[in-house]
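The structure presented is a predicted model; accordingly, all values stated were derived computationally and were not measured. When a residue number appears, it is its place in the shown sequence, counting from 1.
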Amino acid sequence: MKNVNNSNTRLILLHPYIQKQGSSSRLWLLAFISFLTTAFVVTLIYTREYSTTAASTTTATFPSATTAYSNAPLPSTVINTLLHYSSKSNDSFHMSYSELKPISDVLRKCSSPCNFLVFGLTHETLLWKALNHNGRTVFIDENRYYAAYVEQKHPEIDAYDVQYTTKMSEMRELMASTREQVRNECRPVQNLLFSECKLAINDLPNHAYEVDWDVILVDGPREEWPNGPGRMSAIFTAGVLARSKKGGNPKTHVFVHDFCGEVERAYSEEFLCRENLVESTEKLGHFVLERMDPNSFHFCGNRTHRLHHPVH
């Protein structure tokens with residue numbers, strides 16, 4: 001019989017030092033990996049912050065070419081070219097070069113951004129928008145359909161329509177009524193949005209009355225027959241807006257086109273005033289009006305102006 005006690009069983013003993021040595025190696029490996037990860041994250045964060053700071057500094061120091069170009073004024077050669085081709089138009093009602101040039105010169109010298117208000121959508125509409133390159137140009141017209149058409153065809157044009165309640169045949173009566181109300185509803189300094197003066201245009205968008213207009217051009221309405229609205233309200237409103245400015249340049253340039261017309265000349269003398277006329281041709285009157293004290297109740301210093309010719 002084989003002795004069961006003589007088996008080949010072997011006994012293996014593990015020394016504690018071997019177990020400790022394996023655990024220690026793994027801990028060192030984990031520590032090394034953690035160190036590399038931390039170093040990578042710190043380096044990544046620092047690099048991103050440096051890149052952002054450098055980009056911001058570069059942008060602040062060196063503005064982009066697109067921004068600089070868009071804010072640059074129009075070169076003189078471009079302006080002269082625009083005036084030349086606009087004045088050579090085949091349109092029967094276009095302005096001549098001698099009429100365009102004074103307005104262009106004022107727009108060129110106007111501090112940017114220049115606020116330009118134009119009564120009338122005319123052949124020169126796109127020209128005015130282009131010449132006031134970095135400013136705000138707003139157009140007022142009596143024909144709502146034409147205003148909508150122009151805005152649809154030229155989305156860059158900002159046009160509004162107004163409802164005139166005046167008639168050219170009533171020009172004398174309207175002037176007399178305004179003189180009577182010069183200390184009340186028709187005073188030279190007021191917010192026209194709340195005015196009930198017969199000559200006041202009070203249905204513009206609210207923000208139009210808050211703008212300090214630097215240049216105003218009266219070249220509308222177009223209707224010149226007895227029942228047409230005439231330009232009495234436009235001239236009166238231009239005079240009040242110029243005198244009621246709250247900020248910006250205290251002076252406002254007001255141009256009246258078709259200055260040879262009876263309404264244009266009479267109402268300009270009454271509400272823009274001869275002492276403010278700095279330049280005139282047969283077709284264009286150029287006035288410079290200054291901001292007035294709210295307690296002023298006279299449009300002009302010289303009150304001798306009167307209508308000399310009846311309306312036909």
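Under the 3.5 Å distance criterion, the side-chain polar atoms of Gln190 are left unmatched by any main-chain donor or acceptor of Val240. In this structure, the side chain of Asp203 does not engage the main chain of Val162 through any donor-acceptor pair within 3.5 Å. Judged by distance alone, the side chain of Arg265 and the main-chain N or O of Glu262 form no donor-acceptor pair under 3.5 Å. The backbone N or O of Thr77 sits less than 3.5 Å from a side-chain atom of Thr81, completing a donor-acceptor pair. At least one donor-acceptor pair closer than 3.5 Å links the side chain of Arg243 to the backbone N or O of Phe299. In this structure, the side chain of Tyr209 engages the main chain of Leu204 through a donor-acceptor pair within 3.5 Å. A distance-only check finds no donor-acceptor pair linking the side chain of Trp213 to the backbone of Val254 [under 3.5 Å]. Between the side chain of Ser169 and the backbone N or O of Asn227 there is no donor-acceptor pair closer than 3.5 Å. The closest donor-acceptor contact from the side chain of Glu275 to the backbone of Gly301 lies under 3.5 Å.
With values rounded to the nearest 0.5 angstrom, Met232 atom CE is found 5.5 Å from Leu174 atom CG. Atom CG of Leu127 sits about 7.5 Å away from atom OG of Ser104, to the nearest 0.5 Å. Atoms CD and CD1, on Glu151 and Ile157 in that order, are 8.5 Å from each other to the nearest 0.5 Å.
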Ile216 vs Phe119, side chain to side chain contact (heavy atoms under 4.5 Å, CB included): CA-CA, chis, key distance, verdict: CA-CA 8 Å; Ile216 301 176; Phe119 289 92; 3.9 Å; yes
CA sep, side-chain torsions, deciding dist, call: Leu83, Leu131, side chain to side chain contact (heavy atoms under 4.5 Å, CB included): CA-CA 9 Å; Leu83 295 178; Leu131 291 180; 4.1 Å; yes
Full working for side chain to side chain contact (heavy atoms under 4.5 Å, CB included) between Glu124 and Ile103: CA-CA 11 Å; Glu124 291 78 24; Ile103 305 174; over 6 Å; no
Verdict with reasoning, Phe116 to Cys110, per side chain to side chain contact (heavy atoms under 4.5 Å, CB included): CA-CA 10 Å; Phe116 185 23; Cys110 185; over 6 Å; no
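Residue pairs satisfying the side chain to side chain donor-acceptor pair (under 3.5 Å) criterion with at least one member in residues 252-261, sequence neighbours excluded, are listed as follows: Glu99-His257, Asp219-His257, Arg231-Asp258, Lys245-Thr252, His253-His286, Asp258-Lys283.
Contact between Ser296 and Pro188 at its shortest, heavy atoms only, is O-CG, 3.5 Å. Contact between Thr165 and Lys198 at its shortest, heavy atoms only, is OG1-O, 4.2 Å. The minimum heavy-atom distance linking Tyr160 with Asp158 is given by the pair OH-OD1, 3.2 Å. The two residues Thr237 and Ile201 make their nearest non-hydrogen contact at OG1-N, 3.2 Å. Looking at every heavy atom in both residues, Thr125 comes nearest to Gly120 through OG1-O, 4.5 Å. Listed here is the closest heavy atom pair of Pro113 and Asp214: O-OD2, 4.1 Å.
No continuous path of hydrophobic side-chain contacts links Met175 to Phe297 [ILVMFWY only; heavy atoms under 4.5 Å]. There is no path of hydrophobic side-chain contacts, each under 4.5 Å, that joins Ile140 to Tyr145. Met168 and Trp225 are assigned to two separate hydrophobic clusters, defined by single-linkage of ILVMFWY side chains at heavy-atom distances under 4.5 Å. Following chains of ILVMFWY side-chain contacts shorter than 4.5 Å, one cannot reach Leu100 starting from Val278, and the two form parts of different hydrophobic clusters. Residues Val288 and Phe255 do not share a hydrophobic cluster, defined by chaining ILVMFWY side chains whose heavy atoms lie under 4.5 Å apart.
Counting heavy atoms from C-beta outward, Cys186 and Glu180 have side chains that stay 4.5 Å or more apart. When side chains are defined from C-beta on, Leu284 counts as touching Pro102, because their heavy atoms get closer than 4.5 Å. Side-chain contact between Ser111 and Asn249 is absent, with no heavy atoms from C-beta onward closer than 4.5 Å. Phe139 has its side chain within reach of Val118: a pair of non-hydrogen atoms, C-beta onward, lies under 4.5 Å apart. Using a 4.5 Å cut-off on side-chain heavy atoms (C-beta onward), Val182 and His298 make no contact.
Judged as a salt bridge (charged side-chain N to carboxylate O under 4.0 Å, His left out), and not counting sequence neighbours, Asp161 has no contacts. Residues satisfying the side-chain hydrogen bond (donor to acceptor under 3.5 Å, both in side chains) criterion with Glu264, sequence neighbours excluded, are absent altogether. For the side-chain hydrogen bond (donor to acceptor under 3.5 Å, both in side chains) test, residues two or more places apart in sequence or in another chain that qualify with Thr137 are Asn132. Partners of Lys101 by salt bridge (charged side-chain N to carboxylate O under 4.0 Å, His left out), not counting sequence neighbours, listed by chain and number: Asp105.
Other residues, nucleotides and ligands contribute at most 12 non-hydrogen atoms within 6.0 Å of the NZ atom of Lys167. More than 12 non-hydrogen atoms from other residues, nucleotides or ligands lie less than 6.0 angstrom from CD of Glu156. No more than 12 heavy atoms of other residues, nucleotides or ligands lie within 6.0 Å of CD in Glu282, so this atom counts as exposed by the packing criterion.
With salt bridges taken as basic N to acidic carboxylate O contacts below 4.0 Å, one links Asp141 and Arg222.
Val189 belongs to a hydrophobic cluster with Met292, counting contacts under 4.5 Å between side-chain heavy atoms of Ile, Leu, Val, Met, Phe, Trp and Tyr, direct or through other members.
Across Val218, Thr178, Leu272, Ile235, a single residue satisfies side chain to side chain contact (heavy atoms under 4.5 Å, CB included) together with Tyr267, and that is Ile235.
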